[in-house]
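I'd like to ask some things about the structure below.
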Amino acid sequence: MRKITLLGLLTAAIVLSGCDMFGGPSADIPDAELRSKWRECKTIANPSRTKVLACENYERECARRKDKGNFVCY
């Protein structure tokens, strides 16, 4: 029983530590391209729902990079 609990805790720790490993598709975008797409989103007056979702992803990626000291979007 103790081995199962220890194994479960170890597995949970590994899974949780890997949560930020995969930042999503926008994590692979180069800085210049991300900035360009982010700025484009700021100028769209009436975006489609798909564009809104894409812009939210760009905004989230900009914030993630900002937290890491990369101020590419600001």
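If you read the sequence from its start, that first residue is 1, and numbering goes on from there.
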Partner set under side chain to side chain contact (heavy atoms under 4.5 Å, CB included) for T50, not counting sequence neighbours: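 With neighbours one apart ignored, the set is S48.
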Quick one: SG on C73 to CZ on R64, what's the gap to the nearest 0.5 Å?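 Between C73 SG and R64 CZ, I get 11.0 Å after rounding to 0.5 Å.
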Which residues satisfy the side chain to side chain donor-acceptor pair (under 3.5 Å) test with K66, sequence neighbours excluded?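 In terms of side chain to side chain donor-acceptor pair (under 3.5 Å), with neighbours along the sequence ignored, K66 is linked to no residue.
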Consider salt bridge (Lys or Arg N to Asp or Glu O under 4.0 Å). Of K42, R35, K37, which one does E59 pass it with?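 The passing option is K42.
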ring-ring contact (aromatic ring centres under 6.0 Å, His included) contacts touching residues 26-74 (sequence neighbours left out):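 The answer is W38-Y74.
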Listed by chain and number, what are the side chain to side chain donor-acceptor pair (under 3.5 Å) partners of R60, not counting sequence neighbours?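 Once residues adjacent in sequence are excluded, the partners of R60 under the side chain to side chain donor-acceptor pair (under 3.5 Å) criterion are N57.
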Pairwise distance CZ(R39) to CG(L34) - rounded to 0.5 angstrom: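 Rounded to the nearest 0.5 Å, the CZ-CG separation comes to 12.0 Å.
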Restricting to pairs with a member in residues 46-57, which pass salt bridge (charged side-chain N to carboxylate O under 4.0 Å, His left out), not counting sequence neighbours?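 Only E40-K51 qualify under salt bridge (charged side-chain N to carboxylate O under 4.0 Å, His left out).
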Among residues at least two apart in sequence or on other chains, which ones pass side chain to side chain donor-acceptor pair (under 3.5 Å) with D31?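 Scan of D31 (side chain to side chain donor-acceptor pair (under 3.5 Å), adjacent residues dropped) gives R65, N70.
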